[in-house]
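Each residue takes its place number in the sequence, starting with 1.
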Amino acid sequence: MGAVGTSTDGTAGERRQLINVAYRLLGSLAESEDAVQEAYARWYALPRSRRDEIASPGAWLTTVTGRVCLDVLGSARTRHERYVGAWLPDPLPDHAEWDHGHGTDLADQMVLDESVTMAFLVVLESMTPAERVAFVLHDVFRYPFAEIAGILDRTPAACKQLAASARRRARVARAPVTAAGQADVVRHVKEAWETKDIAALVDLLDPAAVMTADGGGMVGTVLRPIEGGARIAQYMVAIADKAPGLELLERSVNGVPGLVAQRAGAVMTVASFDVADGRVTRIWAVRNPEKLRPWVRAG
(Lines give C-alpha, C1' and ligand atoms only; values in the text may rest on other atoms or scores of the structure.)
Protein backbone atom coordinates (compact mmCIF):
# COMPACT_ATOMS: atom_id res chain seq x y z
CA MET A 1 0.00 0.00 0.00
CA GLY A 2 1.36 3.42 -0.93
CA ALA A 3 1.54 6.47 1.29
CA VAL A 4 -1.87 7.66 2.41
CA GLY A 5 -3.37 10.07 -0.08
CA THR A 6 -0.63 9.51 -2.67
CA SER A 7 -1.82 6.42 -4.52
CA THR A 8 -2.52 6.04 -8.20
CA ASP A 9 -6.00 4.53 -7.75
CA GLY A 10 -7.78 7.80 -8.41
CA THR A 11 -8.14 8.94 -4.80
CA ALA A 12 -4.95 11.00 -4.42
CA GLY A 13 -6.46 13.99 -6.21
CA GLU A 14 -9.23 14.17 -3.61
CA ARG A 15 -6.89 15.08 -0.76
CA ARG A 16 -6.96 18.84 -1.29
CA GLN A 17 -10.75 18.93 -1.37
CA LEU A 18 -10.94 16.78 1.76
CA ILE A 19 -8.47 19.02 3.62
CA ASN A 20 -10.53 22.08 2.68
CA VAL A 21 -13.72 20.42 3.91
CA ALA A 22 -12.12 19.24 7.16
CA TYR A 23 -10.54 22.59 8.00
CA ARG A 24 -13.85 24.43 7.62
CA LEU A 25 -15.48 21.82 9.84
CA LEU A 26 -12.78 21.74 12.52
CA GLY A 27 -10.81 25.00 12.31
CA SER A 28 -7.62 23.09 13.07
CA LEU A 29 -4.99 22.10 10.50
CA ALA A 30 -3.62 19.26 12.63
CA GLU A 31 -7.05 17.79 13.31
CA SER A 32 -7.99 18.22 9.65
CA GLU A 33 -4.95 16.26 8.54
CA ASP A 34 -5.73 13.53 11.07
CA ALA A 35 -9.34 13.30 9.84
CA VAL A 36 -8.29 13.00 6.20
CA GLN A 37 -5.58 10.45 7.06
CA GLU A 38 -8.19 8.40 8.90
CA ALA A 39 -10.52 8.53 5.88
CA TYR A 40 -7.75 7.27 3.60
CA ALA A 41 -6.79 4.59 6.12
CA ARG A 42 -10.37 3.30 6.09
CA TRP A 43 -10.37 3.40 2.28
CA TYR A 44 -7.27 1.23 2.06
CA ALA A 45 -8.62 -1.10 4.73
CA LEU A 46 -11.40 -2.08 2.32
CA PRO A 47 -10.84 -5.19 0.22
CA ARG A 48 -9.76 -4.27 -3.31
CA SER A 49 -12.95 -5.80 -4.68
CA ARG A 50 -15.03 -3.50 -2.46
CA ARG A 51 -13.06 -0.43 -3.56
CA ASP A 52 -13.62 -1.35 -7.19
CA GLU A 53 -17.38 -1.42 -6.57
CA ILE A 54 -17.47 2.17 -5.30
CA ALA A 55 -18.49 4.39 -8.20
CA SER A 56 -17.26 7.64 -6.64
CA PRO A 57 -14.25 7.25 -4.33
CA GLY A 58 -14.27 11.02 -3.77
CA ALA A 59 -17.83 10.95 -2.45
CA TRP A 60 -17.00 7.95 -0.27
CA LEU A 61 -13.95 9.70 1.17
CA THR A 62 -15.94 12.89 1.79
CA THR A 63 -18.60 10.94 3.64
CA VAL A 64 -16.04 9.24 5.85
CA THR A 65 -14.14 12.48 6.44
CA GLY A 66 -17.40 14.17 7.41
CA ARG A 67 -18.20 11.40 9.89
CA VAL A 68 -14.74 11.58 11.42
CA CYS A 69 -15.04 15.37 11.73
CA LEU A 70 -18.48 14.97 13.31
CA ASP A 71 -16.94 12.75 15.99
CA VAL A 72 -14.14 15.25 16.57
CA LEU A 73 -16.62 18.11 16.84
CA GLY A 74 -18.57 16.12 19.40
CA SER A 75 -15.57 16.10 21.74
CA ALA A 76 -14.18 19.51 20.76
CA ARG A 77 -16.44 21.52 23.06
CA THR A 78 -15.15 19.67 26.11
CA ARG A 79 -11.55 20.01 24.95
CA HIS A 80 -11.98 23.71 24.28
CA GLU A 81 -13.40 24.16 27.77
CA ARG A 82 -10.18 22.66 29.17
CA TYR A 83 -8.05 24.83 26.88
CA VAL A 84 -6.06 27.55 28.66
CA GLY A 85 -7.68 30.84 27.68
CA ALA A 86 -9.72 31.41 24.54
CA TRP A 87 -9.53 28.91 21.67
CA LEU A 88 -9.33 30.31 18.13
CA PRO A 89 -9.13 28.55 14.76
CA ASP A 90 -5.70 28.16 13.17
CA PRO A 91 -4.74 31.24 11.13
CA LEU A 92 -3.91 30.61 7.48
CA PRO A 93 -1.20 32.41 5.50
CA ASP A 94 -1.45 33.17 1.79
CA HIS A 95 1.36 31.07 0.32
CA ALA A 96 1.69 33.58 -2.52
CA GLU A 97 2.89 36.25 -0.09
CA TRP A 98 4.29 34.18 2.77
CA ASP A 99 7.08 31.90 1.59
CA HIS A 100 7.61 29.41 4.38
CA GLY A 101 9.41 26.97 2.14
CA HIS A 102 7.09 24.00 2.58
CA GLY A 103 5.10 23.83 -0.62
CA THR A 104 3.26 20.68 0.41
CA ASP A 105 2.07 22.07 3.76
CA LEU A 106 -1.64 21.88 4.45
CA ALA A 107 -1.92 25.66 4.51
CA ASP A 108 -0.79 25.74 0.88
CA GLN A 109 -3.72 23.54 -0.11
CA MET A 110 -6.36 25.85 1.30
CA VAL A 111 -8.75 27.75 -0.94
CA LEU A 112 -8.90 31.17 0.70
CA ASP A 113 -12.41 32.59 0.44
CA GLU A 114 -15.09 34.06 2.68
CA SER A 115 -15.72 30.63 4.24
CA VAL A 116 -12.31 30.64 5.96
CA THR A 117 -12.24 34.17 7.35
CA MET A 118 -11.73 34.21 11.09
CA ALA A 119 -15.07 35.98 11.53
CA PHE A 120 -16.87 33.18 9.68
CA LEU A 121 -15.00 30.37 11.45
CA VAL A 122 -15.78 31.87 14.85
CA VAL A 123 -19.48 31.89 13.95
CA LEU A 124 -19.20 28.24 12.92
CA GLU A 125 -17.91 27.51 16.42
CA SER A 126 -21.28 28.60 17.82
CA MET A 127 -23.13 25.90 15.89
CA THR A 128 -23.89 22.37 17.01
CA PRO A 129 -21.73 19.70 15.33
CA ALA A 130 -24.64 18.54 13.18
CA GLU A 131 -25.53 22.11 12.16
CA ARG A 132 -21.95 22.83 11.22
CA VAL A 133 -21.60 19.72 9.07
CA ALA A 134 -24.93 20.29 7.30
CA PHE A 135 -24.24 23.99 6.73
CA VAL A 136 -20.62 23.70 5.58
CA LEU A 137 -21.21 20.78 3.25
CA HIS A 138 -24.37 22.21 1.71
CA ASP A 139 -23.91 25.99 1.72
CA VAL A 140 -20.15 26.09 1.17
CA PHE A 141 -19.43 22.94 -0.84
CA ARG A 142 -22.88 22.43 -2.42
CA TYR A 143 -23.27 18.81 -1.39
CA PRO A 144 -26.90 17.62 -1.71
CA PHE A 145 -28.82 16.90 1.46
CA ALA A 146 -29.25 13.30 0.35
CA GLU A 147 -25.47 12.79 0.71
CA ILE A 148 -25.26 14.80 3.92
CA ALA A 149 -27.98 12.57 5.37
CA GLY A 150 -25.63 9.62 5.07
CA ILE A 151 -23.00 11.44 7.12
CA LEU A 152 -25.33 12.65 9.87
CA ASP A 153 -27.50 9.53 9.87
CA ARG A 154 -30.61 11.68 9.52
CA THR A 155 -33.20 12.24 6.84
CA PRO A 156 -32.51 14.76 4.06
CA ALA A 157 -35.38 16.89 5.43
CA ALA A 158 -33.79 16.94 8.89
CA CYS A 159 -30.44 17.92 7.36
CA LYS A 160 -32.14 20.75 5.50
CA GLN A 161 -33.57 22.03 8.79
CA LEU A 162 -30.14 21.85 10.43
CA ALA A 163 -28.61 23.90 7.61
CA ALA A 164 -31.42 26.47 7.88
CA SER A 165 -30.85 26.81 11.62
CA ALA A 166 -27.11 27.23 11.04
CA ARG A 167 -27.79 29.79 8.33
CA ARG A 168 -29.70 31.95 10.80
CA ARG A 169 -26.69 31.91 13.10
CA ALA A 170 -24.36 32.75 10.23
CA ARG A 171 -26.33 35.85 9.34
CA VAL A 172 -24.75 37.61 12.31
CA ALA A 173 -21.47 37.45 10.38
CA ARG A 174 -21.83 40.41 8.09
CA ALA A 175 -20.54 40.45 4.56
CA PRO A 176 -16.91 41.57 4.84
CA VAL A 177 -15.82 44.97 3.59
CA THR A 178 -13.77 45.03 0.43
CA ALA A 179 -10.19 43.86 0.77
CA ALA A 180 -8.97 47.35 -0.13
CA GLY A 181 -11.18 48.96 2.48
CA GLN A 182 -10.05 46.56 5.19
CA ALA A 183 -6.41 46.93 4.14
CA ASP A 184 -6.61 50.69 4.63
CA VAL A 185 -7.98 50.33 8.15
CA VAL A 186 -5.44 47.63 9.07
CA ARG A 187 -2.62 49.80 7.71
CA HIS A 188 -3.73 52.72 9.87
CA VAL A 189 -3.89 50.39 12.91
CA LYS A 190 -0.35 49.23 12.16
CA GLU A 191 0.91 52.80 11.93
CA ALA A 192 -0.81 53.88 15.14
CA TRP A 193 0.42 50.77 16.94
CA GLU A 194 4.01 51.35 15.81
CA THR A 195 3.94 54.97 17.01
CA LYS A 196 2.10 54.01 20.23
CA ASP A 197 -0.57 56.55 19.43
CA ILE A 198 -3.41 55.64 21.79
CA ALA A 199 -5.69 58.41 20.52
CA ALA A 200 -5.31 57.25 16.92
CA LEU A 201 -5.97 53.64 17.92
CA VAL A 202 -9.11 54.64 19.82
CA ASP A 203 -10.37 56.44 16.70
CA LEU A 204 -9.75 53.31 14.62
CA LEU A 205 -11.46 50.95 17.07
CA ASP A 206 -15.20 50.70 17.49
CA PRO A 207 -16.18 51.71 21.06
CA ALA A 208 -17.67 48.22 21.50
CA ALA A 209 -14.73 46.40 19.87
CA VAL A 210 -13.59 43.07 21.32
CA MET A 211 -10.10 41.58 21.22
CA THR A 212 -9.63 37.84 21.75
CA ALA A 213 -6.20 36.27 22.11
CA ASP A 214 -5.19 32.60 21.90
CA GLY A 215 -1.96 31.61 23.61
CA GLY A 216 -2.94 28.09 24.52
CA GLY A 217 -1.16 28.43 27.85
CA MET A 218 2.15 28.28 25.99
CA VAL A 219 2.87 32.01 25.83
CA GLY A 220 1.73 34.96 27.84
CA THR A 221 -1.46 36.69 26.77
CA VAL A 222 -4.81 37.78 28.13
CA LEU A 223 -6.99 34.81 29.06
CA ARG A 224 -10.29 36.62 28.55
CA PRO A 225 -11.46 38.90 25.74
CA ILE A 226 -10.75 42.61 26.16
CA GLU A 227 -13.86 44.69 25.57
CA GLY A 228 -13.97 48.34 24.54
CA GLY A 229 -11.89 50.26 22.04
CA ALA A 230 -10.12 52.37 24.68
CA ARG A 231 -9.06 49.35 26.73
CA ILE A 232 -7.84 47.53 23.62
CA ALA A 233 -5.81 50.56 22.52
CA GLN A 234 -4.15 50.78 25.94
CA TYR A 235 -3.37 47.06 25.86
CA MET A 236 -1.84 47.26 22.38
CA VAL A 237 0.45 50.11 23.41
CA ALA A 238 1.43 48.23 26.57
CA ILE A 239 2.45 45.28 24.39
CA ALA A 240 4.58 47.55 22.22
CA ASP A 241 6.29 48.94 25.32
CA LYS A 242 7.10 45.44 26.60
CA ALA A 243 8.35 44.09 23.26
CA PRO A 244 11.01 46.38 21.80
CA GLY A 245 12.03 45.40 18.30
CA LEU A 246 8.60 44.04 17.43
CA GLU A 247 8.04 44.31 13.66
CA LEU A 248 4.56 44.51 12.18
CA LEU A 249 3.91 43.17 8.68
CA GLU A 250 0.76 43.63 6.60
CA ARG A 251 -0.18 40.15 5.43
CA SER A 252 -3.27 38.25 4.40
CA VAL A 253 -4.72 36.18 7.25
CA ASN A 254 -7.37 33.65 6.25
CA GLY A 255 -7.82 35.47 2.97
CA VAL A 256 -8.31 39.01 4.31
CA PRO A 257 -5.86 41.79 5.30
CA GLY A 258 -4.30 41.28 8.72
CA LEU A 259 -1.08 41.81 10.65
CA VAL A 260 1.84 39.56 11.54
CA ALA A 261 4.04 40.56 14.47
CA GLN A 262 7.53 39.16 14.45
CA ARG A 263 10.62 39.66 16.54
CA ALA A 264 14.12 38.83 15.34
CA GLY A 265 12.50 37.12 12.36
CA ALA A 266 10.32 34.82 14.49
CA VAL A 267 6.54 35.15 14.21
CA MET A 268 5.05 35.96 17.59
CA THR A 269 1.45 36.84 16.76
CA VAL A 270 -0.92 36.65 13.80
CA ALA A 271 -3.83 39.07 14.06
CA SER A 272 -7.06 38.99 12.10
CA PHE A 273 -9.58 41.84 12.01
CA ASP A 274 -13.25 42.43 11.41
CA VAL A 275 -14.05 45.90 10.11
CA ALA A 276 -17.34 47.80 9.82
CA ASP A 277 -17.93 51.42 8.85
CA GLY A 278 -14.22 52.15 8.78
CA ARG A 279 -13.57 50.88 12.29
CA VAL A 280 -12.25 47.64 13.76
CA THR A 281 -14.98 45.72 15.58
CA ARG A 282 -13.10 42.50 16.36
CA ILE A 283 -9.47 41.48 16.70
CA TRP A 284 -8.43 37.83 16.90
CA ALA A 285 -4.79 37.44 17.92
CA VAL A 286 -3.28 33.95 17.72
CA ARG A 287 -0.07 33.50 19.72
CA ASN A 288 -0.08 29.73 20.34
CA PRO A 289 3.21 28.58 18.70
CA GLU A 290 1.64 25.29 17.60
CA LYS A 291 -0.92 27.22 15.55
CA LEU A 292 1.76 29.43 14.00
CA ARG A 293 3.78 26.63 12.39
CA PRO A 294 2.57 27.45 8.83
CA TRP A 295 3.98 30.94 9.40
CA VAL A 296 7.54 29.75 10.06
CA ARG A 297 9.79 30.88 7.23
CA ALA A 298 12.27 28.54 5.59
CA GLY A 299 15.82 29.01 6.80
Side-chain angles (χ1 to χ4, degrees), residues 84-94 97-98 100 117-119 122 176-297:
V84 178
W87 184 95
L88 292 174
D90 293 1
L92 298 176
D94 184 338
E97 65 179 24
W98 191 262
H100 49 77
T117 64
M118 194 64 71
V122 169
V177 300
T178 64
Q182 176 145 334
D184 288 341
V185 174
V186 170
R187 182 172 300 111
H188 293 320
V189 169
K190 171 182 177 291
E191 294 167 351
W193 197 354
E194 288 174 331
T195 58
K196 304 178 185 179
D197 189 336
I198 290 181
L201 284 171
V202 170
D203 285 342
L204 290 164
L205 294 165
D206 187 279
V210 178
M211 178 180 184
T212 304
D214 177 349
M218 304 179 70
V219 294
T221 192
V222 290
L223 298 180
R224 294 180 179 83
I226 301 175
E227 300 180 354
R231 293 185 63 200
I232 294 171
Q234 293 168 353
Y235 177 75
M236 293 172 71
V237 170
I239 291 174
D241 286 336
K242 294 178 180 179
L246 197 67
E247 180 185 11
L248 298 177
L249 306 174
E250 296 175 54
R251 295 292 184 269
S252 172
V253 181
N254 288 62
V256 296
L259 291 177
V260 175
Q262 62 180 23
R263 194 176 186 185
V267 173
M268 311 299 291
T269 305
V270 173
S272 182
F273 300 82
D274 198 18
V275 174
D277 300 323
R279 282 184 158 185
V280 173
T281 58
R282 293 294 304 262
I283 302 175
W284 297 280
V286 178
R287 301 203 67 228
N288 185 336
E290 292 186 350
K291 297 186 177 187
L292 299 181
R293 288 176 182 172
W295 298 82
V296 176
R297 291 180 181 275

At what distance, to the nearest 0.5 angstrom, does [atom1] of [X] lie from [atom2] of [Y]?
X: Asn254; Y: Leu92; atom1: CG; atom2: CG; result: 4.5 Å
X: Leu246; Y: Thr269; atom1: CG; atom2: OG1; result: 7.0 Å
X: Glu247; Y: Arg263; atom1: CD; atom2: CZ; result: 12.5 Å
X: Asp274; Y: Thr117; atom1: CG; atom2: OG1; result: 7.5 Å

Would you say [X]'s side chain and [Y]'s backbone share a donor-acceptor pair under 3.5 angstrom?
X: Gln182; Y: Val256; value: no
X: Arg279; Y: Asp203; value: yes
X: Trp295; Y: Pro91; value: yes

Below 3.5 Å, can you tabulate the donor-acceptor pairs from side chains in residues 206-223 to any protein atom, sequence neighbours excluded?
residue	atom	partner	partner atom	Å
Asp206	OD1	Ala208	N	2.8
Thr212	OG1	Arg282	NH2	3.3
Asp214	OD1	Tyr83	OH	2.6
Asp214	OD1	Gly216	N	3.2
Asp214	OD2	Tyr83	OH	3.4
Asp214	OD2	Leu88	N	2.9
Asp214	OD2	Lys291	NZ	2.6

### Query
With a 4.5 Å limit on heavy-atom distance, are the side chains of Leu292 and Val286 in contact?
yes
### Task
Taking the side chain as every heavy atom from C-beta outward, state whether Asn288 and Trp87 have any atom pair closer than 4.5 Å.
no
Over all atoms of both residues, closest heavy-atom pair of [X] and [Y]:
X: Ala276; Y: Thr281; result: CB-CG2, 3.9 Å
X: Val185; Y: Gly278; result: CG2-O, 3.8 Å
X: Met118; Y: Ser272; result: CB-OG, 3.5 Å
X: Val189; Y: Leu259; result: CG1-CD1, 4.5 Å
X: Trp284; Y: Phe273; result: CZ3-C, 4.0 Å
X: Ala233; Y: Leu205; result: N-CD1, 3.8 Å

### Query
Which pairs, with at least one residue in residues 223-243 and sequence neighbours excluded, count as a side-chain hydrogen bond (donor to acceptor under 3.5 Å, both in side chains)?
Lys196-Asp241
#### Entry: Partner set under salt bridge (Lys or Arg N to Asp or Glu O under 4.0 Å) for Glu191, not counting sequence neighbours
none
### Task
Go through the steps to decide whether Glu250 and Arg187 satisfy the test salt bridge (charged side-chain N to carboxylate O under 4.0 Å, His left out), and finish with yes or no.
CA-CA 7 Å; Glu250 296 175 54; Arg187 182 172 300 111; 3.1 Å; yes
